[in-house]
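As a basis for the values below, the full set of heavy atoms in this structure was taken, side chains included, without hydrogen atoms, waters or symmetry mates. Order of listing sets the numbers, starting from 1, for every ligand and every atom in it.
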Amino acid sequence: MIKISEPYMDEAELQNVIDAVKSGWISSKGAYITEFEQKFAGYCGVNNGIATSNGTAALHLALKALGIKKDDEVIVPTLTFISTANTVSYCGAKPVFVDSHPVYWCMDPEKIEEKITENTKAIIPVHLYGHPCDMDPIMEIAKDHDLYVVEDAAEAHGAEYKGKKVGSFGDINCFSFFANKVITTGEGGMCLTDDDELAERMRILRDHGMNPNRKYWHDVIGFNYRMTNMQAAVGVAQLEKIEKIIELKRLNAEYYNYLLKNINENTITLPVEEKWARNVYWMYSILVNHRINRDDLMKKLEQAGIDTRPLFYPVHKMPPYLGGVFPVAEAVSKMGISLPSSPNLMLSEIERVCDVLFNIMSE
Ligand SMILES: *Cc1c(COP(=O)(O)O)cnc(C)c1O
């Protein structure tokens with residue numbers, strides 16, 4: 001079976017974990033946490049990193065630190081992983097959905113302004129499948145309407161917009177280090193911000209709202225959203241190889257593109273990289289023509305030993321959030337398939353995936 005995604009690790013991760021365990025610092029104090037926070041924030045060009053237990057916790061922490069509360073509205077793309085919308089709901093606020101851009105699938109900046117009301121407090125652009133959002137118009141809209149921006153960069157570590165890393169544009173920006181993300185700590189996440197005050201607020205909220213100068217004194221209701229030193233130990237080793245991982249993912253995407261462009265253009269749409277973008281191809285995802293039954297195709301690929309995933313269902317199509325019509329996201333979601341995307345895929349495996357795809361398509 002060619003797997004959809006495997007973590008890219010070696011002895012270095014193991015050695016760091018052994019070191020963390022031997023140090024006795026296995027919970028959320030320990031040198032690896034600060035090191036990982038500082039190095040990952042530095043990699044993204046941001047001043048402060050606040051490591052969390054997962055990416056969902058990072059998003060929730062960010063929204064809480066910005067004061068998002070009951071009856072506020074937060075603008076999110078409908079085509080995203082469910083966390084983006086759920087964390088808005090956790091605050092008692094309402095996610096307001098925006099359709100996708102037809103070419104690169106992230107939220108369409110032209111469709112944001114029509115969603116803004118007097119209750120709107122923030123926009124969460126999601127850099128979907130490794131491709132960045134068009135940040136200039138989004139930041140401009142946010143400025144014009146006095147809205148916070150929280151980037152959801154869970155799928156796009158190292159992706160760039162006009163040469164600048166994603167995760168460095170918004171007021172607070174969030175990453176996930178789940179096992180299938182660009183780099184991983186098993187479970188894990190991080191908030192980045194240049195604002196020292198917001199950083200301090202997040203550190204307190206992450207630690208049960210405990211006053212940093214008065215043990216067991218809680219000024220606010222916080223959470224236990226801390227990362228462990230063992231996870232951070234893995235993160236430090238992963239960060240050493242992040243550029244290698246991205247390079248491999250980009251080479252794999254290039255090879256997929258090269259092989260798949262031989263299949264009739266009307267049958268498959270390949271992922272893009274806009275002029276202003278560095279795509280990290282988190283999941284190499286294609287669209288198949290609407291005349292092809294996507295789910296049948298996935299079943300046949302599975303029978304041939306190839307693991308795939310459908311693209312996300314638009315959030316507005318699922319029970320907790322039903323309502324609205326977002327034609328681009330609905331079409332992209334129905335036609336989309338993610339192909340095996342591990343950094344260490346062999347070229348022969350990519351060839352096999354494309355051969356099988358080609359054969360099924362020409363049946
Ligand atoms: C993975 C992901 C998250 C959540 O991360 P977890 O670490 O799984 O909680 C949030 N947003 C997007 C877009 C994601 O892909």
Side-chain angles (χ1 to χ4, degrees), residues 4-5 7 36-37 40 44 49-64 68 74-91 95 97-98 100-101 104-107 122-133 135 138 149-159 166-167 169-170 172-192 202 206 223-228 231-232 234-235 238 249 271 279-285 309-316 318 320-321 329 332-333 336 338 341:
I4 186 75
S5 171
F36 186 44
E37 288 179 335
F40 188 72
C44 297
I50 296 89
T52 59
S53 43
N54 57 63
T56 307
L59 282 165
H60 188 204
L61 195 62
L63 295 174
K64 276 289 180 184
I68 304 300
V74 177
I75 293 177
V76 301
T78 185
L79 192 65
T80 181
F81 183 60
I82 194 72
S83 284
T84 321
N86 278 353
T87 50
V88 174
S89 302
Y90 298 166
C91 297
F97 299 113
V98 172
S100 295
H101 188 279
Y104 57 88
W105 315 340
C106 300
M107 88 182 351
I123 307 174
I124 311 183
V126 181
H127 308 297
L128 208 60
Y129 295 102
H131 194 289
C133 295
M135 290 310 294
I138 294 174
V149 172
V150 175
E151 286 171 72
D152 181 343
E155 304 178 0
H157 317 56
V166 304
F169 292 87
I172 302 177
N173 307 307
C174 302
F175 288 84
S176 163
F177 304 111
F178 184 67
N180 69 7
K181 302 295 160 107
V182 176
I183 60 169
T184 183
T185 59
E187 294 276 359
M190 203 181 293
C191 297
L192 301 183
M202 285 192 282
R206 173 180 68 173
F223 310 91
N224 179 353
Y225 278 172
R226 298 170 310 226
M227 177 183 273
T228 70
Q231 291 166 301
V234 173
Q238 284 274 284
K249 289 176 89 71
N279 189 347
V280 294
Y281 299 97
W282 169 56
M283 288 279 168
Y284 181 87
S285 304
R309 293 283 181 279
L311 294 204
F312 300 124
Y313 297 99
V315 178
H316 75 276
M318 292 185 278
Y321 297 105
V332 167
S333 165
S338 299
S341 299

**Request:** Apply side-chain contact (heavy atoms from CB on, under 4.5 Å) to V315 and T80, showing your working.
**Result:** CA-CA 7 Å; V315 178; T80 181; 3.9 Å; yes
Which atoms of ligand 1 are found less than 4.0 Å from any heavy atom of [X]?
X    : value
G55  : 5 (O), 6 (P), 7 (O), 9 (O)
F81  : 2 (C), 3 (C), 12 (C), 13 (C), 14 (C), 15 (O)
V126 : 13 (C)

**Asked** When the ring centroid of F175 is compared with that of F40, is the distance short of 6.0 Å?
**Response**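 Centroid separation for F175 and F40: below 6.0 Å.
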Which residue and heavy atom of the protein sit nearest [atom], plus the separation:
atom                    : result
atom 15 (O) of ligand 1 : E155 OE2, 2.5 Å
atom 9 (O) of ligand 1  : T56 OG1, 2.5 Å
atom 11 (N) of ligand 1 : D152 OD2, 2.8 Å

Is the closest N or O pair between [X] and ligand 1 shorter than 3.5 Å?
X    : answer
S176 : yes
T80  : no
S83  : no

**Asked** Between CH2 of W282 and CG of L128, what distance do you get to the nearest 0.5 Å?
**Response**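 Here the interatomic distance stands at 8.0 Å.
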**Asked** Stepwise, does the side-chain contact (heavy atoms from CB on, under 4.5 Å) test hold for W105 with L311?
**Response** CA-CA 11 Å; W105 315 340; L311 294 204; 3.9 Å; yes
**Request:** Answer yes or no: is there an ion pair linking R206 with E37, defined by an N-O contact shorter than 4.0 Å?
**Result:**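 Judged by the 4.0 Å cut-off on N to carboxylate O distance, R206 and E37 do form a salt bridge.
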**Prompt:** Hey, does K181 sit under 4.0 Å from ligand 1 if you only count heavy atoms?
**Reply:**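 The answer is yes: ligand 1 sits under 4.0 Å from a heavy atom of K181.
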**Request:** Could you go through the ring pair (Phe, Tyr, Trp, His ring centres under 6.0 Å) check for H157 and F177 one step at a time?
**Result:** CA-CA 9 Å; H157 317 56; F177 304 111; 5.5 Å; yes
**Message:** Does the plane of the ring in Y321 sit parallel, tilted or perpendicular to the ring in F97? Use 30° and 60° as the thresholds.
**Reply:**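 The arrangement is perpendicular - the two ring planes meet at more than 60°.
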